[in-house]
Amino acid sequence: MRLVTWNVNSLRARMPRVVEFLEAHAPDVLCLQEIKCSEEQLPHLDLQASGYRVVAYPGGPREGVAVLVPADQEVGNVRCGLPDEPDPGEARWIEVEVGDLTVGSVYVPNGREVGSPTYEAKLAFLDALRARFAELSSPLVVAGDFNVAPTDADVWDPDVFDGATHVTEPERERFGALLETGLVDAFRAVEPDTRQFTWWDYRGGSFHKNEGMRIDAVLATPDIDVGSCGIVRDFRKGKKPSDHAPLLAELALPEGANRG
DNA sequence: ATGGCCGACTCGGTCGGA
C-alpha cells in the first residue's frame, strides 16, 4: 500500500496541490497536518470529487490533522487527541483503523524557543505520544510532522541550528524513545546515508539552496515491510507550495492484514 | 542590512511557523 504524510500548511490554501497530488500518486492513505480549518471548512465535496474521503480532527487557526482514504475505503475506530497531552485543545493527533492497519497522523508542537513553556509542552507531547504508541497494536504506522531533526544528518548545516529547537538533546532523546517502542523510521531504513529534507523555509530561497531539515517521518512497526520511502520534492516546487514536501512510503502489510 | 516567506485573522499589521 502507498502511504503518504504531508504537512500542507492550510488545507484550504493547498487544495489545488492536494488534488494534484491525489491524481498523480493515488495514495491509499494520506496523512495531513496543519490543515488549519474548522469542521465546517473541511472541503468534503472537493475531495469527494477526487475520489477521497477525509477523516479529520479540525482545530484552531494553526493546527489540525487529518487522514484521507479512497472514498470506498472503510475507516474505523477514529480517535482524536492523545491521553495526557499537555494542551488537549490543540488538534495534533488523530488515529484511525484502515482495514487491519492502525494509522496515526501527528503534528508535534514547534516548541518556538528552547526553555519556553511551549518547548516544555513539546517535550510533554512527545512523552504522551510515546505512551500512546505502547498502547497501540501492530501493524501500526504513525506519520507526520515530528518537528525534530533526529540527527545532524537531518539538517543542512548543524552549526546554523546549534542550540535551536528541533535539534536539542531532549527533543532527540524523545524522538529516539519513539523508536525504542519498536517503530522503524521508514526513510532512514531505506536511505541510511543520504542527507535529504522534508521542510525548507519559505524565506531566502532556502529550497533552491537546499537549506532544509528532515522533520517529517513515517514510523512503522517492524512487521510492515518498507519497500521504499521518498520525498516528493516536486510538490515543494511550483505554484503555492507548502513549506513541507510530501513523504511517500510503499509498505507491505503482514500476511492477513488489510485484505482487499 | 540580522530579514528575506507565507497563512490566519482581518482588511493593516501582528503572530506563528521551524
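A note on names: the letters A, B, ... follow the listed sequences, proteins ahead of strands, and every chain is numbered from 1.
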Can we say A:Asp46 and A:Arg12 salt-bridge, meaning some charged N sits less than 4.0 Å from an Asp/Glu carboxylate O?
->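 Not counted as a salt bridge, because no side-chain N and carboxylate O are separated by less than 4.0 Å.
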Basic-acidic side-chain contact under 4.0 Å: A:Arg188, A:Asp154 =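 Salt bridge flag = yes for A:Asp154 with A:Arg188.
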Quick one: label [X] by what it contacts on the DNA or RNA (base, sugar-phosphate, nothing), any heavy atom closer than 4.0 Å.
X: A:Asp201; value: nothing
X: A:Phe197; value: nothing
X: A:Asp216; value: nothing

Between B:dG17 and B:dG3, how far is it from one C1' atom to the other, in whole Å?
->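 About 16 Å, rounded to a whole number of Å.
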Distance between P atoms of B:dT14 and B:dG4 (Å, rounded) =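 The answer is 13 Å between these two P atoms.
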Side chain of [X] (C-beta onward), nearest among [options]:
X: A:Ser10; options: B:dG16, B:dC9, B:dG7; answer: B:dG7
X: A:Arg203; options: B:dC5, B:dG7, B:dC9; answer: B:dC5
X: A:Pro61; options: B:dG17, B:dG7, B:dC9; answer: B:dC9
X: A:Lys240; options: B:dG16, B:dC6, B:dG7; answer: B:dG7
X: A:Arg112; options: B:dG16, B:dC6, B:dA8; answer: B:dG16

What is the distance, rounded to the nearest whole Å, between atom [atom1] of [X] and atom [atom2] of [N]?
X: A:Lys239; N: B:dC6; atom1: NZ; atom2: P; value: 13 Å
X: A:Trp199; N: B:dG7; atom1: CH2; atom2: C1'; value: 15 Å
X: A:Tyr202; N: B:dG17; atom1: OH; atom2: C1'; value: 10 Å
X: A:Tyr107; N: B:dG7; atom1: OH; atom2: P; value: 14 Å
X: A:Glu90; N: B:dG16; atom1: CD; atom2: P; value: 11 Å
X: A:Glu34; N: B:dG7; atom1: CD; atom2: C1'; value: 9 Å
X: A:Arg236; N: B:dG17; atom1: CZ; atom2: P; value: 18 Å
X: A:Asp243; N: B:dG7; atom1: CG; atom2: P; value: 9 Å

A:Ala217 and A:Thr5: which non-hydrogen atoms are nearest, and at how many Å?
-> O-CG2, 3.9 Å
Closest non-hydrogen atom pair between A:His244 and A:Trp6, with its separation | O-NE1, 3.0 Å
For [X] and [Y], does a side-chain donor sit closer than 3.5 Å to a side-chain acceptor?
X: A:Ser206; Y: A:Asp201; result: no
X: A:Asp145; Y: A:Gln33; result: no
X: A:Tyr107; Y: A:Asp216; result: no

Hunt down any stem DNA chain B takes part in, defined as 3 or more consecutive Watson-Crick or G-U pairs whose two distances are each under 3.5 Å.
->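 DNA chain B forms these stems: B:5-9 with B:13-17.
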A:Arg132: side chain to side chain donor-acceptor pair (under 3.5 Å) partners, not counting sequence neighbours = A:Glu95, A:Glu135
Starting at the 5' end of DNA chain B, which residue's closest nucleotide do you reach first, A:Gly204 or A:Gly60?
->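 Final value for this comparison: A:Gly204.
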Given that A:Arg14 and A:His166 both sit by DNA chain B, which one's nearest nucleotide is further toward the 5' end?
-> A:Arg14
B:dC9 phosphate, OP1 or OP2, under 4.0 Å from A:Arg12 side-chain N/O =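 Answer is yes, contact under 4.0 Å.
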